[in-house]
Structures are given as C-alpha cells and as structure tokens.
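Notes for the one structure printed next.
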Amino acid sequence: GRWEAALLGPVLQRARCLQQCLGRRLRPAPSAHRASRAVRRDFERREPYNYLQVAFFQLKKLDQAVSAAHTFFVANPQHLQMREDIEKYRRMSGVKSDSFQDLEATPHWEAYETGVQHYDADEYLQAVARLEESLSEALSALEECRALCEGPREDEDEEEKMQPGLYEAIAAHYIQVLKCRQQCVLEIATKPGRISATEDFIPSHLDLLQFAYSQVGNQTLAAECAASYLLFYPTDEPMLEKMKQYRTELGEDAAVTARQSIQHYVQRSLMEKKLIYYAVEHLGETFNDPDLWTPDELIPENLREKHREDQEKQKQETLDVEERERRDALPFEGIAVMMDSQQMNGTQRVVFDRVLTESECKDLLRLTKAAGEAGDGFRARRSPHTPHERFEGLTVLKAVQLAQNGDVEWRDAKLLLQASEKSRRIIESYFTPGKKLHFSFTHLVCRRAVDGEQEGRMDLSHPVHADNCLLDPEGQECWKEPPAYVYRDYSGILYLNDDFQGGGLFFTEMDTVTVTAEVRPKCGRLVAFSSGKENPHGVWAVRRGRRCAIALWYTHSPEHAEQERVKAEELMEQRALEQDQPGGDKHQGTDGSSRSSSEPRAPSRAAKPADQRQKPGWDRKQQPKVLRARDEF
C-alpha cells in the first residue's frame, strides 16, 4: 500500500546514502567479512596490548613496551602477572615515567575523574571546567556508540529456527538496534578495568555541576543544570527545593529551562524505551533497562513489578561485583610470588609460597595416613612410571566417602576441597582474571621411594611430558590429540612436605633434556603453569622418603569440569545441613570439625549473602555434562 512505500522509501534512500558514504571513506569497497564476537571481546579487553608489550620488549623498544603494558593493565587491574611486569618496568633504567600512559584513554573519564577531585577539594571553578568537558565528551562518545549499533543483525541463538517474515525481521532487527543504543550509556559509564557502570552517569554530572555553579556564584547556570536534572527525576524533592531557591534569587520573570542537549537526550531515550517495551509486551522481546530514572508509567503495568525486581537485582549485582573486585585483586593475603616466568626461563610459569600453613600441611598428610590405614582408595602400589617407587592417590570424592565411613576426619576431607579451591582462585587470578577456570581433576598423590632399590637408579619419578598434548621431542612438536587430555588449560602442584630426598619438579625445552627451571617442593608451595607444549616438565626420582602433593588440572570448558568434585561438594553440603539439624554434634565446629579455636582454620571463601551462595568452582547455570574423571595414571 501507499503507507508501505512512504515508510520504506526513505529507508531505501538512506541505505543507498550509507553505501555511497562507506564506498568513499573505505576505498576499495569494504570487506564483507566481520570480526567474530571472540575477537571483538579480546579487543574490548585490550588483549592485543598484552602481545604488543611482549613483542616491543623483545625488540628492545622499552618505551612502547611500557605504554602497551600500562594500557593493558588499566583495563585488567586483576592481572597479577602484568602487575609484576609493570613493577619491573618501573625499576628498569632508561624507562621514562611518561611512557606509562593509557593509549586507549577515553577523554570523558579523564575529565570526569579530575573534575570530581577538584569538586571534593572545594575547587569549584576547576571542577566546573572539567565536569563540563566530561559531559560534552560523554555525549559525543554516546553518539559514536549509537552509530555503531546500526550494524548487521546478530543472532544470539545459533540453533536453526524458522526464518521470520518481512515485518517480523524488520521489527526484530530494529528492536535489536534500539536495545543496543540504550545500552550505550552503560558503555560510556563503565571505567576501563571495571565491570560495573557508574550509576546515573549523565544525571550525576548535572547534580555536581548545579552545586559547583552555585558555589562560584553563577546562579543562572546552576538553575539550568537543576532544571536539566529534573528531566530525569522530576519528583526529586531536594532538587525541587533548589529550583525554588534559584527562581527566587533570579527573579520570577527569569526564564529557566533545561539544556537543549539534555532535553534531546531524554526525549529520544524515552521514545526508544516506549518502542522497546511495546516489543517486550507484544513480541516476546526481553530488555534490561540500563537506567534507574525510567518513569513507571512508561513501563507496561504487567511488567512494572518485574522491572522493579530487575533494578534491585542489578543494584545488588553491582555491589557484589564491586566487593568481588576488591577481594579478588589479590585473592588471599600473605601469598608471595617466589618465581615468575622470566625467572623460570619460560612462559606461563609461576611459583607461589605460603598458600598453606604448616598446620594445614600436617592435617592433609594426616589425611593420607588415615586413608592408607583404611585400606581403601589410597593403597600403595607400584608407580606406573618407575619400579623404584610406590604410588598412592586419593580423589576428593574418595576422601569425602572415607569421611562418611568414619575412616578419616571430616575436617581433613573438607580441607582438601578448600586447599584445592584456594589454589584454583590464585591461578585464575594470576593467569586468567575474568575468565573462569573449572577443575578438570584433583588428585592427592604421594610417591614413596622403595628401600633397597635406589642404588644405580637412572630413571625419573615422572618422565618429561606436557599435560594437554603428546610430546614428540624429535619432531619438536606436541600433538593435541587423544589420548592426551586436550581440554586441559592450566596445571598446578600444591606441595605438602619436604622431608624426602629428590622429587623436585623441572621444566625442559621441547627436546625433553635441556632443563630450563627447577622447583624444590616445600609445604604450602604452589607451582602453576599452562598445560601446553610451552611447558614440558618432569619429576626427579624420589630417592628417600615420601613426597606428597595435591596435583591440580584446570579447564576453561565447563563440559569437562570434574564431576567427582561436584558430587564431593554435594556430600559435604549435605553433611553441613545434617550438622545444623537439632540433635547434630553440638561439640563440633560449624565445619563439622572438632578443631580447637586456637588452631589455624582452613582457607575458605568470603561468604556471600545466603541467597547468593553457590558451590566453589561450580556455576549452577552451566552444570557440566556427567563425565567421570579418568584415572590420571
């Protein structure tokens, strides 16, 4: 019909105009290929700068290396390895202090933070200048972000589904663009390196400006900012009182209006929200409103309660994230990095000390002794790697089952779970902050030298290997194929004792003979490294005594998460619930142990609110498929 031509005619003209514009700006014709989401996410996290700093360092271009490292670190402040690199750069001679610059710095954030500093110092003239600059830059950044929303439609659901008709397809793509535009305010309000956005970023500028202007005696601009703020929160009592005061001071005849730019911002945003909420109500769309100021009357009545719940949930999540950020910057106090990749002559290697206390090591060694005496699950047998040693191994599930049977103490089985979780969090914080590591397998392992069989011994306790590929020393290659555990990403060994001879860990080149680094075991020492061909490693022969450690493997793939651990945690949780029941063991502690208050407690995670708690290392939303962990040996 005629209305269709009137509607789509201008659309076609705009499409032609955009094509011509792109052709002029991006000669030759722009590529039809698009970067994947994973690539775009890496750029958002500034991953290329991580590679750049290594490349510049190798090229002896220190200033560029420092700038690249600093730029990456600003957006990834939890990355402990980069933090150490930054500290090393600071100590290097010849590195200029002005090289520590953020190459991706956003002008509005620099101006905003400086403006707030002046504001807090009662330097209102300087505050006004920087806050005005920040507001202007933020609105410009917002427009740039909105323009980028007009890209091709992205299907979030990868499964094949029925293709929509003309109008359904137009509506779906248009609503996607509108939702993207609405989310832009979160993008500009999120400081690099933070997960959560600053609440009410645009309105807060106006609130600060109205007060600053009033302090420097410019009541006209103070009133303008107050009127602009009231567009977001028209019933805000303190601001209404301020407006009344400004009108009195300026005279009733003075025309006080909100800024044009803010009027346009609010009106356009409300128009978009109205269309989105229509699609939510009638077309089955979903929408997480980024703004706290959205008026209730705009939201369909049947969605208002859910909107309020979502707002409260979003607030709580923001608080949780901020708390987690503070807590996870260094996951546990007192832990020291003894050797990093550079000191170990390799890549993706690190040694931590003081992960466990002497008391905790003794408790875990007691667990191995009790498990051995139980005659189940920890039987000494010939090592699969050498006839000169006896080998004992205990999984977390077997430890909990032995505790159920009364063969070992519950507190010791629980400590095994807690110590391995503590190690996981340390390794995740150091190597992959922001990217979840799941347990792949956890094994409490002891290797005992066989008396009378050590003389003239030439073999190793564990031959040189890589953890996720089949090492081929002659071909200088490592084949990522079965029977290798190809899904492993990181490995760790948490040592429990040092009263034995030999048994040290060593790393080699791909030839398996050129040793690049060695690690001497001791109580509480954690060595961690990536599981690939870059880290071939082995264990020197245990020539006397018994060497015990918790062997740990991790994966980024939730489908390969350790199912035995999930079961062990369920049994542990069930035990805790039974302890809380009337008639439970009153003399025991909250962890089901009889440990005295003077003894050091096992490491544990900071508690979340009751409705937020979940098992460590297990995301309920991503429950892995049931896969039984294979015997590692």
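Along the sequence shown, the residues carry numbers beginning at 1.
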According to the interplanar angle, ranging from 0 to 90°, do the rings of Tyr485 and Tyr487 count as parallel (below 30°), tilted (30 to 60°) or perpendicular (above 60°)?
perpendicular
Is there a donor-acceptor pair closer than 3.5 Å between any side-chain N or O of Glu389 and the backbone N or O of Thr386?
no
Indicate the atoms forming the closest heavy-atom contact of Val408 with Ala399, along with that distance.
CG2-O, 3.6 Å
Cation-pi check, Arg520 to Phe500: give yes when NZ or CZ is under 6.0 Å from the six-membered ring centre and within 45° of the ring axis, no otherwise.
yes
Residues Tyr495, Leu356; criterion side chain to side chain contact (heavy atoms under 4.5 Å, CB included); working and verdict:
CA-CA 9 Å; Tyr495 296 108; Leu356 294 178; over 6 Å; no
Any donor-acceptor pair under 3.5 Å from Ser423 side chain to Ala419 backbone:
yes
Donor-acceptor pair, Ser531 side chain versus Tyr490 backbone, under 3.5 Å?
yes
Is a side-chain donor or acceptor of His388 paired with a backbone partner of Val450 at a separation under 3.5 angstrom?
no
Do side-chain atoms of His537 reach the backbone of Asn535 as a donor and acceptor pair under 3.5 angstrom?
yes
Working to the nearest 0.5 angstrom, can you tell me the gap between Leu103 CG and Gln64 CD?
10.0 Å
Pair Tyr554, Glu428 - check side-chain hydrogen bond (donor to acceptor under 3.5 Å, both in side chains), show working.
CA-CA 9 Å; Tyr554 306 100; Glu428 183 183 87; over 6 Å; no
Met510 side chain near Leu471 side chain, heavy-atom distance below 4.5 Å
yes
State, yes or no, whether a side-chain contact exists between Leu526 and Val351 at a heavy-atom distance under 4.5 Å.
no
Where do Gln343 and Met339 come nearest, in terms of heavy atoms and distance?
OE1-CA, 3.2 Å
List in chain and number order the residues that pass side-chain hydrogen bond (donor to acceptor under 3.5 Å, both in side chains) with Gln401, two or more places apart in sequence or in another chain; answer none if no residue qualifies.
none
d(Met82 CE, Thr71 OG1) to nearest 0.5 Å is 9.5 Å
With sequence neighbours left out, which residue pairs that include part of residues 463-474 fulfil the salt bridge (Lys or Arg N to Asp or Glu O under 4.0 Å) condition?
none
Between Ala484 and Leu470, what is the shortest heavy-atom contact and its length?
CB-CD2, 3.8 Å
Expected output: side-chain Glu113 to main-chain Glu110 donor-acceptor under 3.5 Å
no
Can you confirm if the NZ or CZ of Arg349 lies within 45° of the ring axis of Phe507 and under 6.0 Å from the centre of its six-membered ring?
yes
Pair Glu562-Thr442, side-chain donor/acceptor within less than 3.5 Å:
yes
Sequence neighbours excluded, which residues qualify as side-chain hydrogen bond (donor to acceptor under 3.5 Å, both in side chains) partners of Asp102?
Arg46
Walk me through whether Phe72 and His70 qualify under ring-ring contact (aromatic ring centres under 6.0 Å, His included).
CA-CA 5 Å; Phe72 175 80; His70 184 76; over 10 Å; no
Between Ser341 and Thr347, do the side chains contain an N or O donor and an N or O acceptor separated by less than 3.5 Å?
no
Under a 3.5 Å distance rule, please check whether Asn497 uses its side chain to pair with a backbone N or O of Cys523 as donor and acceptor.
no
As a quick check of understanding, evaluate side chain to side chain contact (heavy atoms under 4.5 Å, CB included) for Leu571 and Leu397, giving each step before the final call.
CA-CA 9 Å; Leu571 292 174; Leu397 179 58; 3.9 Å; yes
The complete set of salt bridge (Lys or Arg N to Asp or Glu O under 4.0 Å) pairs with one or both residues in residues 55-65, sequence neighbours excluded, reads Asp63-Lys96
Any side-chain to backbone donor/acceptor pair from Asn405 onto Asp407? Under 3.5 Å, distance only.
no
Would you sort out whether Ile493 and Leu505 count as a side chain to side chain contact (heavy atoms under 4.5 Å, CB included), showing the intermediate values?
CA-CA 9 Å; Ile493 305 166; Leu505 180 77; 3.9 Å; yes
Quick one: list whatever passes side-chain hydrogen bond (donor to acceptor under 3.5 Å, both in side chains) with Glu358, sequence neighbours left out.
none
Check the side chains of Trp540 and Glu518 for a donor-acceptor pair under 3.5 angstrom, ignoring hydrogens and angles.
yes
Under 3.5 Å, is there a donor-acceptor pair between the side chain of Thr555 and the main chain of Ser557?
yes
Rounded to the nearest 0.5 Å, how far apart are OG1 of Thr198 and CG of Leu186?
10.5 Å
Please lay out, stage by stage, how Gln53 and Phe56 fare under the test side chain to side chain contact (heavy atoms under 4.5 Å, CB included).
CA-CA 5 Å; Gln53 73 103 6; Phe56 280 131; 5.9 Å; no
Is NZ or CZ of Arg565 both nearer than 6.0 Å to the six-membered ring centre of Phe439 and within 45° of the ring axis?
yes
Please find the pair of heavy atoms, one from Val486 and one from Glu481, that lie closest to each other, and give the distance.
CG1-N, 3.4 Å
From CZ (Arg411) to CG (Leu416), nearest 0.5 Å:
14.5 Å
Take Thr368 and Glu392 through the test side-chain hydrogen bond (donor to acceptor under 3.5 Å, both in side chains) and record every step on the way to the result.
CA-CA 9 Å; Thr368 68; Glu392 303 160 304; over 6 Å; no
Please verify the inter-ring angle class for Phe352 with Tyr430; under 30° counts as parallel, over 60° as perpendicular, anything in between as tilted.
perpendicular
Tell me if a side-chain donor or acceptor on Trp109 pairs with a main-chain N or O of Ile188 at a distance below 3.5 Å.
yes
Passes side-chain hydrogen bond (donor to acceptor under 3.5 Å, both in side chains), Glu509 versus Thr516? Steps please.
CA-CA 7 Å; Glu509 298 284 7; Thr516 56; 5.9 Å; no
Passes salt bridge (charged side-chain N to carboxylate O under 4.0 Å, His left out), Asp42 versus Arg40? Steps please.
CA-CA 5 Å; Asp42 281 348; Arg40 280 180 282 160; over 6 Å; no
Side-chain touch Phe529/Ser491, heavy atoms, less than 4.5 angstrom
yes
Write down the atom of Pro387, the atom of Asp459, and the distance for their closest heavy-atom approach.
CD-OD2, 3.9 Å
Salt bridge (Lys or Arg N to Asp or Glu O under 4.0 Å) contacts touching residues 533-545 (sequence neighbours left out):
Glu477-Lys533
What distance do Phe391 atom CZ and Cys446 atom SG have between them, rounded to the nearest 0.5 Å?
9.0 Å
Does the side chain of Leu444 reach to within under 4.5 Å of the side chain of Thr395, using non-hydrogen atoms?
no
Rounding to 0.5 Å, atoms OG1 (Thr190) and CD (Glu44) come to a distance of 11.0 Å
Minimum heavy-atom distance between Ala466 and Cys478, given as atom pair plus value
CB-SG, 3.8 Å
Lys/Arg N to Asp/Glu carboxylate O, Asp412 vs Arg366, below 4.0 Å:
yes
